[in-house]
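All ligand and atom numbering here is 1-based and tracks the order in the structure.
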Amino acid sequence: MDLYCVMGNPIEHSRSPWIHSRFAELTGQRLHYGKRLIALNGFAAELKTFFLEGGLGCNVTVPFKFEAAALASQTTARATLAAASNTLSLQEGVIVADNTDGAGLVDDIQGNAGIDLSGRHLLLIGAGGAAAGVLGPLLLARPASITVANRTLAKADNQVARHGALAAQQHAELVASGLQELNRKFDIVINASSSSLSGSGVPVPAGIFKPGALAYDMMYGPAAQGFMQWALEHGAVARDGLGMLVEQAAEAFLIWRGVRPPSRQVLDELRATMQGLL
Ligand code: ATR
C-alpha cells in the first residue's frame with residue numbers, strides 16, 4: 001500500500017493519521033498513514049529511511065519544519081517564504097518541500113467560517129515558525145493590512161522584511177509591532193504565539209477587537225481555550241485551529257493524491273469525536 005506518515009516530537013497525540021485515513025476512505029484511495037516519533041537529532045536519517053522504505057510523502061510537525069525545508073531538494077514558493085515545510089513528497093525521485101499551513105488557515109477562515117479576508121485589517125500575534133508559515137498565504141488573500149506583533153520585536157521586523165515584496169504586490173500594508181504598543185482595532189486577530197503552552201496569559205491588551213471581530217487561535221483543544229475565552233469576553237467571535245488542522249491536511253492530500261477530500265465533513269466528524277459525541 002502507498003505509504004505516508006507524520007513525523008514529529010512529540011507525536012503521540014497527532015490527529016493526522018485519523019484525518020488522512022478518513023480522507024482515504026471517503027475518496028476511495030488505498031494508502032497507509034502512520035506516525036513516527038523522531039529523536040531530536042534524528043530527523044534527517046529517519047526521513048531518508050522512510051523514503052528508502054518506499055514512503056511517498058510525509059507531514060512534518062514541531063520541531064522539524066525548518067529542517068524539513070532545508071533538507072529538501074526543491075521547495076515551493078510558499079515553503080521558501082516560510083523557510084519551513086509541513087508537507088514533503090517524493091516527486092520524480094527528489095524530495096519536494098511544500099507548506100500547506102497557511103492555505104489551511106485561509107481555507108478554514110474563508111471556506112468554513114465564511115469570513116472574507118480581503119480588505120480586512122488583520123493582527124497576527126507571534127513571529128515564530130507558526131506565524132511564518134501563514135503570513136504569505138494571508139497576504140495572498142488581499143487583506144487591507146497585517147500587523148505582526150511579537151514579544152521580540154526584531155523577529156516581527158524580520159518577518160515583515162521577508163514578506164515586504166509580496167505585501168507590496170498585494171497592495172497590503174504590512175507592519176511590525178511590539179505586543180503592548182498595539183493602538184488600533186482589528187477585524188481579525190490570529191494567535192500564532194505559543195504563550196498558552198507556557199501557561200502565560202494572553203499577551204496582548206484588551207481593546208484590539210472591532211465589534212464582532214474574529215479571534216482565531218491556531219491551536220485547538222485545551223491550549224486554545226484561554227485565548228478564546230478572553231476574546232469572547234471582549235466582544236469577539238472565537239474559533240480554534242481544528243479547521244486549520246483539517247484543511248492543511250486536505251491540501252497535503254491533494255498534493256499527494258491529486259484528489260481534494262471532503263474536508264468540511266471530516267472536520268465536523270473530528271469535532272464530534274473530540275467532544276465525545278461520536
Ligand atoms: P512556533 O513554531 O509554535 O511558532 P516558536 O518558533 O518557538 O514556535 O515561536 C513561538 C512564538 O510564541 C514566538 O512568537 C514567541 O515570542 P518570541 O519570539 O518573543 O519568543 C511567542 N511566545 C512564546 N511564549 C510567549 C509569551 N509568554 N508571551 C508572548 N509571546 C510568547
Side-chain angles (χ1 to χ4, degrees), residues 6-16 38 40 43 59-71 75 78-88 97-106 108 122-138 146-163 174-182 186 189-208 215-231 234 240-242 244-245 248-249:
V6 57
M7 295 188 181
N9 186 340
I11 203 66
E12 181 57 25
H13 298 292
S14 173
R15 306 275 172 177
S16 293
I38 308 296
L40 292 178
F43 181 69
N59 284 131
V60 181
T61 187
V62 174
F64 302 118
K65 290 185 184 183
F66 301 107
E67 214 180 329
L71 281 171
T75 46
R78 57 192 182 181
T80 305
L81 206 49
S85 170
N86 74 330
T87 303
L88 299 174
D98 203 340
N99 194 318
T100 68
D101 284 331
L105 174 67
V106 170
D108 188 45
L122 272 57
L123 171 63
L124 182 62
I125 305 170
V134 301
L135 189 49
L138 285 173
I146 302 183
T147 301
V148 181
N150 197 45
R151 179 175 62 181
T152 311
L153 179 59
K155 281 164 74 178
D157 281 334
N158 183 267
Q159 288 304 329
V160 166
R162 277 185 75 86
H163 291 78
L174 179 62
V175 293
S177 170
L179 294 173
Q180 297 304 323
E181 291 76 46
L182 295 165
F186 299 91
V189 175
I190 299 166
N191 185 17
S193 84
S194 58
S195 65
S196 66
L197 296 182
S198 59
S200 311
V202 176
V204 287
I208 53 170
Y216 193 104
D217 197 310
M218 283 172 45
M219 296 195 188
Y220 58 89
Q225 294 311 311
F227 177 79
M228 288 170 62
Q229 190 56 43
W230 174 84
H234 293 93
D240 70 8
L242 199 65
M244 174 181 172
L245 176 75
Q248 63 77 30

So if I count the atoms of ligand 1 from 1 in the order they appear, which ones are less than 4.0 Å from some heavy atom of S198? 27 (N)

If you draw a 6.0 Å radius around CZ in R15, do more than 12 non-hydrogen atoms from other residues or ligands fall strictly inside? no

Per side chain to side chain contact (heavy atoms under 4.5 Å, CB included), T147 is matched among I208, I125, L124, L123 by L123

From I146 CD1 over to L135 CG, what is the distance, rounded to the nearest 0.5 angstrom? 5.0 Å

Whether the side chain of Q248 engages the backbone of N99 through a donor-acceptor N/O pair (distance < 3.5 Å, no angle test) should be reported. no

Under 4.0 Å from atom 7 (O) of ligand 1, can you find at least one protein heavy atom? no

Between V62 and ligand 1, does any nitrogen or oxygen pair lie at a separation below 3.5 Å? no

Going by the order shown, which atoms of ligand 1 are within less than 4.0 Å of some heavy atom of G126? 14 (O)

Measure the spacing between CZ of R162 and CG of D157 and express it to the nearest 0.5 Å. 14.0 Å

Would you find a donor on one side and an acceptor on the other, under 3.5 Å apart, between the side chain of S196 and the backbone of A223? yes

Within the distance-only criterion (no hydrogens, no angle test), does the side chain of D101 pair as donor or acceptor with the backbone N or O of G133 below 3.5 angstrom? no

Kindly say whether T100 contributes a backbone atom to a donor-acceptor pair with the side chain of N86 at under 3.5 angstrom? yes

Nearest-contact summary for atom 16 (O) of ligand 1 - protein heavy atom, Å: N150 OD1, 3.3 Å

Given S194, P203, G128, which one has a non-hydrogen atom that is nearest to atom 10 (C) of ligand 1? S194

To atom 1 (P) of ligand 1, the nearest of S195, A130, S196, A84 on a heavy-atom basis is A130

Which protein non-hydrogen atom lies closest to atom 21 (C) of ligand 1, naming both residue and atom, and how far is it? S193 CB, 3.8 Å

For atom 25 (C) of ligand 1, what's the nearest protein heavy atom and its distance? R151 NH1, 3.3 Å

Heavy-atom distances under 4.0 Å are what count here, so tell me which part of T152 touches ligand 1: side chain, backbone, both or neither. both

What protein heavy atom sits nearest atom 27 (N) of ligand 1, and how far away is it? S200 OG, 3.1 Å

Using a 4.0 Å heavy-atom cut-off, which part of K155 comes near ligand 1: side chain, backbone, both, or neither? side chain

